[in-house]
Amino acid sequence: MNKRMKSCSRGRRIMLGCSCLLWMISMTISCNRVEENRYQELVVGESTGTRLEAVGVELDPHFFSQNLTRNDGAKPSDWQIVVDRVKKLEIHKFRVMVLPQWYEPVNDNDDPFVADIDRFTFNSPEMESLYKVLDLAQVNDMDVCIVVWGCPTGVSLLDPAYSDVKRCFMADSSKSVWITGPVDYDEWAENYVALIRHLTATKGYSCVNEITPMNEPDGGPLLTSEEYIEMAKVLDARFKKEGLRKMVRFNLSDNTDTRTFYLKDCADNLQEVADLFNSHTYIFGYDTPNHVIFDWEKNNVVIAASAGKKHLVGEFGSNQCVGSTRQRDIDRYERGVLMTRLMLNFFNAGASGVSYWSLIDQYYGRDADYEQMQQLGLWKYIREAYRTDSTYERIKTDYEVRPQYHSYGLFTRFIKPGAEIYPLDLGEDFAIGTAFKNSDGKWSYMFSNGTDKPIFVSVSNETVKGRFEIYRYEEESLPQGDQLITAGETAKVKDKRLKLKLRPHSVVLCHQQ
């Protein structure tokens, strides 16, 4: 009896142990399934068919001609900060403003078809300031798009010999705005040709390989689309006659975001003139879902494609605009997440490139007041310039970088010209991803998570093995000063999948080792 009881007790213990083991195995399998199910599979499929041309910035040449001549504490040696940071960021391209009076303050002669080069002032202080920007681009093997903005109605030149020049001689005197289109397209063509010949042939700047005639010509407008089309054709013919056309691409339209008709008119009528088209945008913000951003650029891409051309975003920022010089979110950490989300939407829609406005805070006129200082840079101007601002006490140093400096640097450092672009659909309104394959065969995956929740993704890419370095733009771990984000971890591809956690309100870059 006792033996039977002991045997039964032992059996029950064995059965209980087996049951516990099975339960534990079942729970482990269940937990693994839950763990596995929370990862959304993202398959790297078809590319957009458009290779990346450049991730660039606006750098208008006012540092030496306007900032330093204000005598407000900025020093010539401060330029080295710009030089060092541009090199560290590995920026691909500059979009650069030029004004015609800098090198032709008065009309050289009455014949627009015969230029008197001796009357041009290519050694003016304004031009010397321009050369500093071009020197920087040249030494870093960058591209440069020269944008002659138009014809100012108010002029103040640094050379006292031209102190009596108060307006550009090509400006439309019937308009009271600060800048107009040219009243004589042949004079405009002569002026532009003289500039590009001097920069490329005389100065030897091979980085100057693109032009945009007038900034946002639809604004005002400087020129109606019909006038702009005529002007562009005159310019194209003159560049061809002068043997300069093959040296520079014509990047046309340059329209603002809500005036798509301007881009369409240009695409319909300038197929034989344009090399590519671009548009600017400042209408998207933190509450704008991905599909709205994507659809805007997709429409631009389709319009440009109807003329057989690519489209890029020539300027962009947020919709938190206060006039033309401020955006309320410029110092926010979250702006870096938003700007990355905008860029990924542009690329996923087929854009060939982007150019952010702008690299640095600076004055565009030596006599301008504080409200006129452009404050949309990746970093600030000298601290003392902000003394009257509510942000002054929070500024620790001259030329202090903003958080977005770090997120934008992830793009410029790791996503290179020539990269193939593969959209990744997260099925979210405020989170997005893109895969890029650089010309060297290395892959990068970029994500922007603007939501309040963590998102788990598993990137499936048949051709990729090995490890990825993981770079994270997160508010609590941004580098000190202008140091760049470093890889804080690595992740290994397993079963042809790379698993990642995208934390709320963050940017993640995965770069193949």
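Starting from 1, each residue takes its place in the sequence as its number.
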Query raised in the report: Would you say Lys88 has more than 12 foreign heavy atoms packed within less than 6.0 Å of its NZ?
Result: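 Enclosed: over 12 neighbouring heavy atoms sit under 6.0 Å from NZ of Lys88.
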
Query raised in the report: Does atom CG of Asp141 have more than 12 heavy-atom neighbours, drawn from other residues, nucleotides or ligands, at distances under 6.0 Å?
Result: no

Query raised in the report: Stepwise, does the ring pair (Phe, Tyr, Trp, His ring centres under 6.0 Å) test hold for Phe250 with Phe239?
Result: CA-CA 10 Å; Phe250 274 34; Phe239 268 72; 5.4 Å; yes

Is the ring pair [X]/[Y] parallel, tilted or perpendicular, if the boundaries are 30 and 60 degrees?
X      : Y      : value
Tyr471 : Phe414 : tilted
Tyr131 : His198 : tilted
Phe411 : Tyr408 : tilted

Please give me the minimum heavy-atom distance between [X] and [Y], naming the atom from each residue.
X      : Y      : answer
Leu52  : Lys416 : CD2-O, 3.5 Å
Phe64  : Ser129 : N-OG, 3.3 Å
Ile421 : Arg51  : CD1-C, 4.5 Å

Query raised in the report: At what distance, to the nearest 0.5 angstrom, does CG of Asn300 lie from CG of Asn278?
Result: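 Nearest 0.5 Å value for the CG-CG distance: 9.5 Å.
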
Query raised in the report: Rounded to the nearest 0.5 Å, what separation is found between the CD1 atom of Ile330 and the NZ atom of Lys380?
Result: 8.5 Å

Sidechain N-carboxylate O distance under 4.0 Å for [X], [Y]:
X      : Y      : answer
Glu315 : Arg95  : yes
Glu384 : Arg387 : yes
Arg383 : Asp398 : no
Lys310 : Glu53  : no
Arg326 : Asp361 : no
Lys75  : Asp78  : yes

**Report entry** Any donor-acceptor N or O pair under 3.5 Å, side chains Lys175, Thr153
**Finding:**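 There is no such pair between these side chains.
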
Query raised in the report: Regarding Ser279 and Asn255, is there a side-chain donor-to-acceptor distance under 3.5 Å anywhere?
Result: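 A pair is found: one side chain offers a donor N or O, the other an acceptor, under 3.5 Å apart.
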
**Report entry** Pair Tyr286-Phe430, ring pair (Phe, Tyr, Trp, His ring centres under 6.0 Å): steps then yes or no
**Finding:** CA-CA 8 Å; Tyr286 299 91; Phe430 301 99; 9.9 Å; no

Query raised in the report: Among Asn191, Asn123, Thr121, which residue meets the side-chain hydrogen bond (donor to acceptor under 3.5 Å, both in side chains) test with Tyr103?
Result: Asn191

Requested in this report: Mark yes or no: Arg238 above the aromatic ring of Tyr185, with NZ or CZ under 6.0 Å from the six-membered ring centre and no more than 45 degrees from the axis.
Outcome: no

Report task. For Arg85 and Asp482, indicate whether the former's side chain and the latter's backbone hold a donor-acceptor pair under 3.5 Å. Result ->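 Between the backbone of Asp482 and the side chain of Arg85 there is no qualifying donor-acceptor contact (under 3.5 Å).
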
Query raised in the report: Does the side chain of Thr288 come within less than 4.5 Å of Ile293's, by heavy atoms?
Result: yes

Query raised in the report: Given the rule in the ring pair (Phe, Tyr, Trp, His ring centres under 6.0 Å) test, do Phe294 and Phe346 qualify, once you have shown the distances and angles that lead to the verdict?
Result: CA-CA 6 Å; Phe294 178 95; Phe346 299 152; over 10 Å; no

